[in-house]
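Values below: all heavy atoms of this structure, side chains included; hydrogens, waters and symmetry mates excluded.
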2 protein chains.
Amino acid sequence: MAAATEHALEAAEAACTLRGARLTELRREVLRLVLEAGQPVGAYALLDRLRAGRAGAAPPTVYRALDFLLEQGLIHKVERLNAFIACADAHDHAPHAGHGHAHPHQFFICGRCGDAAEIADASIAAAIAEAARRIGFRPRGATVEVEGLCAACAEAG
Amino acid sequence: MAAATEHALEAAEAACTLRGARLTELRREVLRLVLEAGQPVGAYALLDRLRAGRAGAAPPTVYRALDFLLEQGLIHKVERLNAFIACADAHDHAPHAGHGHAHPHQFFICGRCGDAAEIADASIAAAIAEAARRIGFRPRGATVEVEGLCAACAEAG
DNA sequence: CCGGTTTCCGTTACCATATAACGTGCGGCA
DNA sequence: TGCCGCACGTTATATGGTAACGGAAACCGG
């Protein structure tokens with residue numbers, strides 16, 4: 001799947017250029033690592049891998065890059081896992097000030113194989129928006145993470 | 001609101017007795033602290049307060065109590081904050097093996113005042129269940145946390 | 001009441017996640 | 001040319017969470 005990674009990197013490059021954001025070499029490298037993981041991956045796991053090519057990398061190195069990628073909507077944080085994963089749909093939604101872009105999305109996380117499927121379900125988003133409206137709450141971003149068994153693992157056992 | 005805390009403690013006591021679970025003095029004390037906080041509160045904040053009456057308390061002391069309270073459905077974890085809050089509706093749903101009870105609930109977390117309102121919205125739960133069904137995912141538990149401004153803070157500014 | 005078993009919790013040590021604070025170099029721009 | 005702001009290195013530290021072991025107390029079948 002190296003081809004898919006390369007493609008995503010080029011799309012990210014284009015999106016950043018369009019917005020005047022600078023996808024530096026470091027940020028690009030971290031994004032590549034997140035893409036290559038294919039699953040939610042912890043900051044320190046990324047750090048270990050980053051160190052293969054960058055001797056002096058430290059926690060702030062990776063966290064700053066992750067913050068940038070989050071702001072640009074290129075990755076998401078999976079709160080239940082304290083881990084990060086590439087956005088499945090990074091193109092064409094605007095970045096968002098103040099951490100964590102707003103494009104509605106939901107994760108279905110398999111407890112067996114570790115995969116996290118991202119979807120963008122309008123009726124979930126609508127139900128949340130309606131509930132918020134009802135209590136006078138003004139939403140700025142939502143975390144929706146469902147844990148369970150993916151289709152493949154449910155069949156297997 | 002000490003009265004409300006006392007009432008919740010007695011309800012918790014009753015629920016545990018009913019299920020054959022032991023709400024020991026330590027667990028009761030931790031539950032009291034969570035209730036008194038009234039907002040999501042971190043494990044180490046609880047630990048500090050616990051130490052007022054219990055000199056030797058250490059992280060495992062508070063985490064074990066929190067695990068118990070989670071299993072009994074008396075509190076929830078707020079993933080976005082790595083914090084814990086009393087369940088707004090602790091009565092009458094059965095406890096749940098394997099950490100984190102399943103009773104569907106959602107949090108609306110105010111970024112200004114820090115309050116977290118818990119609701120149990122059936123249409124959000126239904127939308128999630130339907131999306132899961134569509135992709136063949138077998139859900140075991142869901143985290144729904146909306147960040148934004150509560151009604152009071154939205155008015156204030 | 002006894003002895004085995006389980007549960008609870010103290011204690012120590014440690015790992016994992018995340019951020020603060022400060023310095024330096026570089027590129028853009030008046 | 002001098003200033004400014006951003007990106008990043010570097011060190012230190014805050015915050016969140018567990019593993020592992022042992023002793024004491026509660027429970028239970030006899």
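Take A/Arg80 and apply the side-chain hydrogen bond (donor to acceptor under 3.5 Å, both in side chains) test, not counting sequence neighbours, and it matches B/Thr143. Residues forming a salt bridge (charged side-chain N to carboxylate O under 4.0 Å, His left out) with A/Arg54 (at least two apart in sequence, or on another chain): none.
Contact annotation: B/Arg54 reaches the phosphate of C/dG10 (side-chain N/O to OP1 or OP2, under 4.0 Å). Between A/Lys77 and the phosphate of C/dA18, there is a side-chain N or O to OP1/OP2 separation shorter than 4.0 Å.
Although no hydrogens or angles enter the test, the distance criterion places a donor-acceptor pair under 3.5 Å between the side chain of A/Arg51 and the main chain of A/Ala57.
Listed by first and then second residue, the salt bridge (Lys or Arg N to Asp or Glu O under 4.0 Å) pairs involving residues 107-128 of chain B are A/Arg134-B/Asp121 (not counting sequence neighbours).
With D/dG17, C/dT17, C/dA20 as the choices, the nucleotide that has an atom nearest any side-chain atom of A/Asn82 turns out to be C/dT17.
Taking the C1' atoms of five terminal pairs at each end of the helix from C/dC1-D/dG30 to C/dA30-D/dT1, the two resulting helix axes are inclined by 30°, rounded to 10°.
The stretch residues 24-53 of chain A touches DNA chain D through A/Thr24, A/Leu26, A/Arg27, each having a heavy atom under 4.0 angstrom from the strand.
In B/Arg28, the CZ atom is crowded: over 12 heavy atoms of neighbouring residues, nucleotides or ligands sit closer than 6.0 Å.
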Q | Annotated protein contacts, base or backbone, on nucleotides 22-30 of chain C with a non-hydrogen cut-off under 4.0 Å, one of B, S, - each | A | ---------

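The pair B/Arg32-B/Glu6 counts as a salt bridge, with a side-chain nitrogen and a carboxylate oxygen less than 4.0 angstrom apart.
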